Amino acid sequence: DAGVTQSPTHLIKTRGQQVTLRCSPKSGHDTVSWYQQALGQGPQFIFQYYEEEERQRGNFPDRFSGHQFPNYSSELNVNALLLGDSALYLCASSLAEGAKPNTEAFFGQGTRLTVV
Amino acid sequence: AQRVTQPEKLLSVFKGAPVELKCNYSYSGSPELFWYVQYSRQRLQLLLRHISRESIKGFTADLNKGETSFHLKKPFAQEEDSAMYYCALTGGGNKLTFGTGTQLKVEL
């Protein structure tokens with residue numbers, strides 16, 4: 001099992017552009033969460049997907065959207081990129097809370113997004 | 001609102017010395033507390049969680065609800081403990097709230 005995989009590993013975009021980041025969860029996991037980690041900060045929760053629906057959302061604008069596919073993989077889309085969106089984007093997978101309480105979240109290596 | 005505070009950005013100790021990484025939280029309810037660790041060039045991974053009451057790699061953490069703290073401790077630091085440590089909590093739904101992290105540096 002390769003664990004949680006994210007692509008691409010690095011990305012450079014220009015202000016105003018749109019970006020799509022991808023995540024494949026750990027085998028057997030059905031829930032995907034996305035986090036933004038700015039330099040020198042801890043990860044901040046963006047949103048979580050389960051059964052192809054957004055279940056929880058953090059304090060991020062609508063420019064941040066996502067999708068989950070039937071195979072549980074997920075995408076994070078960011079529109080109208082700002083310089084402040086430059087960060088490491090982490091994907092974490094887990095089992096749904098109802099299926100297995102207090103399940104551990106496994107993290108990917110992250111995608112480093114630089115907006116210029 | 002839920003919040004996790006890690007007051008130290010950097011903690012430097014000598015090998016064999018005791019380690020205590022501080023974590024305080026704010027949450028109106030009964031949260032679950034975690035410590036995550038990130039070794040150099042590796043992904044973020046779970047170190048321990050308070051409900052397990054385990055000792056992992058010699059580390060322990062006790063949840064003190066009165067002081068709303070979940071400090072991470074190890075009696076004798078090892079060189080391989082050098083890493084970034086994040087305290088986190090969840091109130092349910094697997095949404096994690098992280099602190100800003102403490103860089104632990106173990107010097108020889």
Side-chain angles (χ1 to χ4, degrees), chain A residues 1-6 9 23-26 29-51 53-60 68 74 87-112, chain B residues 1-10 21-27 29-54 56 61 63 70 72 83-104:
Chain A
D1 180 17
V4 180
T5 58
Q6 294 186 241
T9 54
C23 171
S24 292
K26 180 179 170 62
H29 283 182
D30 56 11
T31 300
V32 173
S33 301
W34 286 92
Y35 292 82
Q36 181 194 66
Q37 186 173 19
L39 203 60
Q41 300 296 316
Q44 285 198 40
F45 178 79
I46 302 174
F47 44 52
Q48 181 182 91
Y49 278 83
Y50 169 64
E51 291 188 333
E53 288 189 13
E54 184 182 292
R55 299 293 178 168
Q56 292 192 79
R57 190 178 182 92
N59 189 25
F60 279 81
Q68 186 179 35
S74 177
L88 180 68
Y89 289 84
L90 296 171
C91 171
S93 74
S94 58
L95 287 170
E97 189 179 26
K100 187 175 182 180
N102 304 315
T103 184
E104 175 182 348
F106 286 80
F107 283 81
Q109 288 275 36
T111 294
R112 173 74 61 187
Chain B
Q2 52 197 59
R3 185 187 305 169
V4 176
T5 302
Q6 294 180 252
E8 303 140 327
K9 276 193 173 294
L10 173 66
L21 301 174
K22 291 183 167 44
C23 172
N24 288 89
Y25 67 90
S26 172
Y27 185 78
S30 296
E32 184 175 356
L33 275 295
F34 304 82
W35 277 99
Y36 278 81
V37 61
Q38 187 166 29
Y39 300 102
S40 179
R41 298 179 183 174
Q42 293 188 28
R43 62 189 64 195
L44 196 61
Q45 58 186 283
L46 179 66
L47 179 62
L48 55 79
R49 60 206 310 175
H50 88 269
I51 62 166
S52 300
R53 296 182 178 274
E54 294 174 305
I56 306 294
L63 179 61
F70 188 57
L72 183 68
M84 192 73 175
Y85 291 81
Y86 293 96
C87 182
L89 70 78
T90 179
N94 297 332
K95 169 190 171 182
L96 290 163
T97 298
F98 286 87
T100 51
T102 298
Q103 180 72 47
L104 174 64

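All values reported here derive from a predicted model rather than from experimental measurement. Letters go in sequence order (proteins before strands), and every chain restarts at 1. Because only heavy atoms are used, hydrogens play no part in the values below, and waters and symmetry mates are left out as well, while side chains stay in.
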Trainee: Can you confirm whether more than 12 heavy atoms, excluding those of A:L39, are under 6.0 Å from its CG atom?
Mentor: no

Trainee: Which residues satisfy the ring pair (Phe, Tyr, Trp, His ring centres under 6.0 Å) test with B:Y25, sequence neighbours excluded?
Mentor: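 Counting only residues at least two positions away or on another chain, B:Y25 forms no ring pair (Phe, Tyr, Trp, His ring centres under 6.0 Å).
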
Trainee: Could you go step by step and tell me if B:R49 and A:E104 meet the side-chain contact (heavy atoms from CB on, under 4.5 Å) rule?
Mentor: CA-CA 9 Å; B:R49 60 206 310 175; A:E104 175 182 348; 4.0 Å; yes

Trainee: Residues two or more places apart in sequence or in another chain: which of them pass side-chain hydrogen bond (donor to acceptor under 3.5 Å, both in side chains) with B:W35?
Mentor: none

Trainee: At their closest point, which heavy atom of B:R43 faces which heavy atom of A:V4, and how far apart are they?
Mentor: NH1-O, 2.8 Å

Trainee: Taking every heavy-atom pair that is under 4.5 Å apart, which of B:T97, B:L46, B:V4 has the most such pairs with chain A?
Mentor: B:L46

Trainee: In this structure, are over 12 heavy atoms from other groups packed under 6.0 Å from B:R3 atom CZ?
Mentor: no

Trainee: State, with a plain yes or no, whether a side-chain heavy atom of A:P43 is found less than 4.5 Å away from one of B:Y36.
Mentor: no

Trainee: Quick check on A:Y35 against chain B: is it the side chain, the backbone, both or neither that has a heavy atom closer than 4.5 Å?
Mentor: side chain

Trainee: How about CD on A:Q44, more than 12 heavy atoms from neighbouring residues, nucleotides or ligands closer than 6.0 Å, or not?
Mentor: no

Trainee: Need one label for B:Q42: side chain, backbone, both or neither, based on atoms under 4.5 Å from any heavy atom in chain A.
Mentor: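 Contact with chain A is through the backbone of B:Q42 alone.
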
Trainee: Of all heavy-atom pairs between B:L96 and A:F107, which one has the smallest distance, and what is that distance?
Mentor: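 B:L96 and A:F107 have their closest heavy atoms at CD1-CZ, 4.2 Å.
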
Trainee: Before you tell me yes or no, could you show the steps for B:L44 and A:Q37 under side-chain contact (heavy atoms from CB on, under 4.5 Å), namely the whole-Å CA-CA distance, both residues' side-chain angles and the distance that decides it to 0.1 Å?
Mentor: CA-CA 12 Å; B:L44 196 61; A:Q37 186 173 19; 5.9 Å; no

Trainee: Return the OG to NZ distance between A:S94 and B:K95, rounded to the nearest 0.5 Å.
Mentor: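 A:S94 atom OG to B:K95 atom NZ measures 14.5 Å (nearest 0.5 Å).
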
